[in-house]
Every structure is written in structure tokens, then in C-alpha cells.
Amino acid sequence: MINDTSAQECVFENADAVISKNLEDIFRAEASVFERKFAHLCERANIIAQTIKANYGNGDIMDAVSHLDAASEIYALGKGEGPDFSGYFADVNMESSSCLSVCSDILDRLYLCKSIAAFDSGNYNENDAVFWISEDERDIPVETKDKKVSFVRGNQSGRAFETFAKFVPGVLAEYEEDFKSACEAVAAGESTYAIIPVENSLDGRLNSFHRLIEKYALSIVLCADIVSDDGESSTKFALVYKKFEIIKARGERIFECRITFSDPSELCNIILAANYFGVRVCKIYSLPLSGGGRDNSFGIIFRTDGAQIGGFFCYLFLEYPQFSSVGLYTDIGVE
């Protein structure tokens, strides 16, 4: 029995070694196929990029992708039909063909967007992204001599003001009766910034305050977590401004946006895209109809430190052109 068992184990080991060798050969062949496919996708991406630039009036490809209304339509027409493996699989593996087709199509789109963003060999950073998400026609209030920060008086909001003032020197506190008035002051140009609570450790995302930011077309430019006086909870306060801007501060670089999907399963595409371009998905919130306006609307917070900014934003603009930016800012963290 002992000898029989040893012999059987030896057979299994030999068989596994052969299987591993065969799989390694197949992986190499598969990699070679992917290399050839990527080369053809790059050629297709160049055609799409040239068409987008021509319709925009040349300039940098990412400026064109972000500001040409027809860019997503040109991309949709140029990227071609997604793969369908059902005609190439035996019946025994047919059930795997649909999933493989979807996964292959997603990877193709990611590679296309990466190649389109690289068309002008741009070495992009977050400051470039600020321009991409900004609307040229947005009205910017005239800067007053004194930079005022409007907020509602309170212990936590006061400490938030002190925290932000370290990175925005020379600001003056302007007390308001409520947060709506604070946002109105910025929208009217009476104050430069406002301080608004956007999240806390007890209730999570504070949708009513996010609606204020959206209503008055404001953008988050800094965030900080302020611990309560009893130390049992914390509130994240945002410094909001009339335009997108990155204020230099220590902390994590964050991009926050709202996206409405045709189906919530598309969230997996965003998560995969973030991973592909080196972006970290920090939080995802399902938005109520009163906050997102439609079913399947989500608020998503990304960390962009060290990411491939060009490719990631190219993917968002071309695949989800209706996404709405909340801010590209630094999250100072707990202060």
C-alpha cells in the first residue's frame, strides 16, 4: 500500500509538472497575441486622437478630449465593436465566452484610452487635470483685496478655519447664520471661500451639504477631518471655491466626482479602470434621487497620487462624458 501510494503521488506530480509546462507555453502564446492586439489598438487610438484633434482645432490631445463636446461620439464610432467569442468556443466552454468577451472589451477600451492620452507624449499631472475639468465659460468672481472665508460659527468649524488658514494665508473669517448663506456669499463674490461639512464618522456622506455645493456651482479645494470636542467622532470639512483649484498642502491628492450609470454593474468598470491607471478608489456612495437626480448615480472619491492622470481622465471623458467633478483637492486628514 505504501509503495502504491508513493507511486500514485509520483504520477500526480509528473502530471502536474506537464500541465504547468503546457500552461506556461499557452501563457507565452497568449502574451504574444496581446502584444499584437495592443499594436493594432494603438493604431486605432492614433486615428481616433487625430480625428478628435482635427475637430477641436488641434492643440493638445487631452485639451481636445476634455473640451470637445463631440469627443466621446468620435471615440464611440472609432473604437469598433466589442469582441464576441461565442463563435470560436466549443459548446462545452460556451458559457465562458460571454464573460471573456466583456472582459476583453473592457481591457481594449482601457488600452485605447491610455494610447489616446499618450498621443502627444504629454507628461500630465493634477494641474493639467484642473484645466480639463474646468469649464471655459464658468464665471469667476472678481477677487477682493481681502480674502474672506464664510462659515457658521462653532468649535469644529472654527478649528477647520484655523487648519485651512495655514495653507491659505491672509484669510479673514466671515461668520454666517447658516451654510446656505456661506455658499451664497461665495457664489456672489462677497467671500472667496466657504467652509462646509461634507461627511462625518456617524452619518457618512452629508448629502444635503453636497447639494448646496452643487447648487451654487462650487468646488472643493481642501478637506480636513476635525475631531469633536469629546473625541468620539469627527467631521470632514471642505473649503469650497468658485472654481477648481489645487492648494498646496500636505496630505493625499483626491479627485471626487459624480457619475450616473445605465446599470450599477458598471461600477466594476470604474474600479478596474482606476486599478489600471494606478488610481485608488477610496469611497463609493450611492446617491439619492434628490442628490444625483437619476437612478444609479454614485459619488466616487479617488486618490490620484502617482497615478497615470492622462489615461484615467481620458477614460472618464470618453466613456462617461456626463460625469460631474466635485473637486480635485488635497485631503489634509485628521487635524
Visitor: Tell me who clusters with Ile19, hydrophobic residues only, linked when side chains sit under 4.5 Å apart either directly or through other members.
Guide: Leu23, Phe27
Visitor: For residues Tyr124 and Asp60, is any side-chain donor paired with an opposing acceptor at under 3.5 Å?
Guide: yes
Visitor: Taking side chain to side chain contact (heavy atoms under 4.5 Å, CB included) as the definition, give me every residue that meets it alongside Ala71, ordered by chain and number, with sequence neighbours left out.
Guide: Ile52, Leu68, Leu318
Visitor: Test your reading of the model: is there a side-chain donor-acceptor pair from Asp178 to the backbone of Ser181, 3.5 Å cut-off?
Guide: yes
Visitor: For Phe317 and Phe313, take the angle between the two ring planes, folded into 0 to 90°, and tell me which bin it lands in: parallel under 30, tilted 30 to 60, perpendicular over 60.
Guide: tilted
Visitor: Side chain to side chain donor-acceptor pair (under 3.5 Å) with Tyr276: which residues, sequence neighbours excluded?
Guide: none
Visitor: Tell me, which pairs form a ring pair (Phe, Tyr, Trp, His ring centres under 6.0 Å) where one or both residues lie in residues 184-223, sequence neighbours left out?
Guide: Phe179-Phe209, Tyr193-Tyr241
Visitor: How about Arg153 and Ser157: does a side-chain donor come under 3.5 Å of a side-chain acceptor?
Guide: no
Visitor: Just by distance, do the side chain of Thr163 and the backbone of Arg159 share a donor-acceptor pair under 3.5 Å?
Guide: yes
Visitor: For Tyr329, enumerate each residue passing the side chain to side chain donor-acceptor pair (under 3.5 Å) test, keeping only those at least two apart in sequence or located in another chain.
Guide: Glu256
Visitor: For the backbone of Ser234 and the side chain of Asp225, can you confirm whether one donor and one acceptor N or O come within less than 3.5 Å of each other?
Guide: no
Visitor: Only one of Asp305, Thr330, Thr304 passes side chain to side chain donor-acceptor pair (under 3.5 Å) with Arg253; say which it is.
Guide: Thr330
Visitor: In terms of ring plane angle, is the pair Phe323 and Phe255 parallel, tilted or perpendicular, where the classes change at 30° and 60°?
Guide: perpendicular
Visitor: Through direct or indirect side-chain contacts below 4.5 angstrom among Ile, Leu, Val, Met, Phe, Trp and Tyr, which residues connect to Leu77?
Guide: none
Visitor: Can you tell me if Glu266 and Ser262 form a side-chain donor-acceptor pair at under 3.5 Å?
Guide: yes
